[in-house]
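Everything below concerns the one structure shown next.
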Amino acid sequence: MAKYFVYAVGGRETSASVDSGELPSGGGSYSSNASYVTNDERLVDGSLTTAANFTAQNKAIRVDKGSASADVIDMFAVYSNAANASGVKVFTNSSSSNSGTTAGHTFSALTSGWNVASLTASDAERYWYVQAHEAAVATVTEIILGKKLSLTNVKLTGNEGVINGNKVVQSQGGVQYSNKRHDGIKFWNFDLSFISSTYKTSLETMRSALYGSHDKFLYYDGSAYHYVRMSDDSLQFTEVAFGVYDTKIKLTEQLS
């Protein structure tokens with residue numbers, strides 16, 4: 001299975017503003033009301049801890065990603081902390097007061113964990129609307145309005161494993177004690193070889209959008225999605241031939 005990344009484009013707490021309101025069932029005129037979706041700012045805060053509450057069907061948020069020229073968005077990801085029979089819809093438009101009436105994607109229900117879909121039409125509009133589909137939804141902790149980037153040119157020398165959060169100390173009498181500080185955290189290290197200048201530019205665009213190690217993003221390993229952070233020494237390039245590059249990328253799983 002193909003491996004790829006999904007990273008936010010102009011839709012993070014550093015660049016986006018979120019407003020609570022309501023849309024008609026099939027999209028359209030947006031009306032703002034702070035009480036309709038509570039904790040709405042938590043949907044783009046880079047944390048899976050606290051859920052927003054879409055208090056009833058059709059309650060919605062409007063995400064202003066700051067600029068229509070930020071980049072094309074072609075992926076929509078939603079993290080739900082529990083299975084939910086009522087899903088969400090996403091719309092986009094150039095207007096701050098109207099979502100348009102064609103949903104980019106509808107999750108009719110949400111599974112526990114990441115729910116990820118390609119949008120039916122890639123778009124670079126400034127305003128994005130996410131609406132409770134059939135009833136109240138109080139399980140969504142994070143959304144990603146993002147860009148997909150395939151992982152290619154990986155050497156077979158890439159490695160992965162688990163970092164266990166154990167701190168082992170030894171007493172004066174030689175007895176060892178272990179303190180478990182956190183659950184196991186997965187990691188992935190990839191060597192990418194013979195990269196074209198075009199793919200290098202795509203990787204640099206992702207690096208810039210994430211501010212290096214600052215923002216979290218999704219890594220799909222061919223079977224499951226992982227919420228990860230990239231190390232600051234990732235995606236430093238060595239030119240091995242004219243217009244051809246080698247680089248590395250190091251990912252660490254994020255627990256929240």
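- Listed here is the closest heavy atom pair of G87 and V137: O-CG2, 3.6 Å.
- The closest side-chain heavy-atom distance from Y127 to D64 is below 4.5 Å.
- Between N81 and L48 the shortest side-chain heavy-atom distance does not fall below 4.5 Å.
- Taken to the nearest 0.5 Å, the OG atom of S197 stands 11.0 Å off from the CZ atom of F237.
- No donor-acceptor pair under 3.5 Å is formed between the side chain of Y227 and the backbone N or O of K216.
- Between the side chain of Q57 and the backbone N or O of A136, no donor-acceptor pair lies under 3.5 Å.
- The side-chain heavy atoms of D74 and L119, taken from C-beta on, include no pair separated by under 4.5 Å.
- Here the options are W114, F107, Y225, the test is ring pair (Phe, Tyr, Trp, His ring centres under 6.0 Å), and the partner is Y79; only W114 passes.
- Scanning both residues, S20 and D40, for their nearest heavy atoms gives N-OD2, 3.6 Å.
- Note: L149 CG to M206 CE = 5.5 Å, rounded to the nearest 0.5 Å.
- Here CG of D123 is found 4.5 Å from OG1 of T92. Values are rounded to the nearest 0.5 Å.
- Under the 4.5 Å side-chain contact rule for hydrophobic residues, L110 and I143 share a cluster.
- Of the candidates T139, T111, N115, T139 is the only one forming a side chain to side chain donor-acceptor pair (under 3.5 Å) with N84.
- For the atom pair S202 OG and R207 CZ, the distance stands at 12.5 Å (nearest 0.5 Å).
- A donor-acceptor contact closer than 3.5 angstrom is absent between the side chains of S108 and T106.
- Minimum interatomic distance between R42 and E142 (heavy atoms only, all atoms of both residues): O-OE1, 3.2 Å.
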Self-check item: Full working for side chain to side chain contact (heavy atoms under 4.5 Å, CB included) between M75 and S118
Solution: CA-CA 5 Å; M75 299 292 286; S118 299; 3.5 Å; yes
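- Remark: the backbone N or O of S47 is not paired with any side-chain donor or acceptor of Q254 at under 3.5 angstrom.
- Residues K3 and V154 fail the side-chain proximity criterion, which asks for heavy atoms closer than 4.5 Å.
- Hydrophobic cluster membership is shared by F76 and F54, with clusters built from Ile, Leu, Val, Met, Phe, Trp and Tyr side chains linked at under 4.5 angstrom.
- At least one donor-acceptor pair under 3.5 Å links the side chain of Q236 to the backbone N or O of S234.
- With hydrogens and angles disregarded, no donor-acceptor distance shorter than 3.5 Å links the side chain of T141 to the backbone of S80.
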Self-check item: Candidate pair N153 and Y245, rule side chain to side chain contact (heavy atoms under 4.5 Å, CB included), full reasoning
Solution: CA-CA 10 Å; N153 296 72; Y245 302 86; over 6 Å; no
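- V130 is listed as a side-chain neighbour of V90, based on a closest heavy-atom distance under 4.5 Å.
- Taking CD1 of I61 as the reference point, atom CG of N39 lies at 12.0 Å (rounded to 0.5 Å).
- Counted by atom type alone, S231 and D233 present one or more donor-acceptor pairs between their side chains at under 3.5 Å.
- Linking ILVMFWY residues whenever their side-chain heavy atoms come closer than 4.5 Å, directly or via other members, places V37 and V44 in the same cluster.
- Here R229 contributes atom CZ and L251 contributes atom CG; the two are 12.0 Å apart, rounded to the nearest 0.5 Å.
- The minimum heavy-atom distance between F217 and V6, with the atom names listed, is CB-O, 3.4 Å.
- The minimum heavy-atom distance between G27 and T101, with the atom names listed, is O-CG2, 3.8 Å.
- Connection of W128 to Y30 is not established within any shared hydrophobic cluster, with ILVMFWY side chains joined at heavy-atom distances below 4.5 Å, either directly or through further cluster members.
- Counting only distance, with no hydrogens or angles, the side chain of R62 and the backbone of G21 share no donor-acceptor pair below 3.5 Å.
- A distance below 6.0 Å separates the ring centres of F190 and Y219.
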Quiz item: Between K65 and I73, does a side chain to side chain contact (heavy atoms under 4.5 Å, CB included) hold up when you go through it step by step?
Solution: CA-CA 11 Å; K65 67 186 181 78; I73 288 173; 3.6 Å; yes
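- Neither side chain, D246 nor T238, offers a donor N or O lying under 3.5 Å from an acceptor on the other.
- Taking hydrophobic clusters as Ile, Leu, Val, Met, Phe, Trp and Tyr residues chained together by side-chain heavy-atom distances below 4.5 Å, V18 does not share a cluster with L23.
- Using a distance-only test at 3.5 Å, with no hydrogens or angles considered, a donor-acceptor pair links the side chain of T55 to the main chain of Y36.
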Quiz item: Step by step, would you call I249 with M230 a side chain to side chain contact (heavy atoms under 4.5 Å, CB included)?
Solution: CA-CA 7 Å; I249 185 167; M230 180 172 61; 3.8 Å; yes
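- K200 NZ: more than 12 foreign heavy atoms inside a 6.0 Å radius.
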Quiz item: Yes or no on side chain to side chain donor-acceptor pair (under 3.5 Å) for S35 and N33, after CA distance, side-chain angles and deciding distance?
Solution: CA-CA 6 Å; S35 65; N33 188 309; 2.6 Å; yes
Quiz prompt | Intermediate values then yes/no, side chain to side chain donor-acceptor pair (under 3.5 Å), S32 and D19 | solution = CA-CA 7 Å; S32 179; D19 184 75; 2.8 Å; yes
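- Scanning both residues, Y199 and L192, for their nearest heavy atoms gives CE2-CD2, 4.1 Å.
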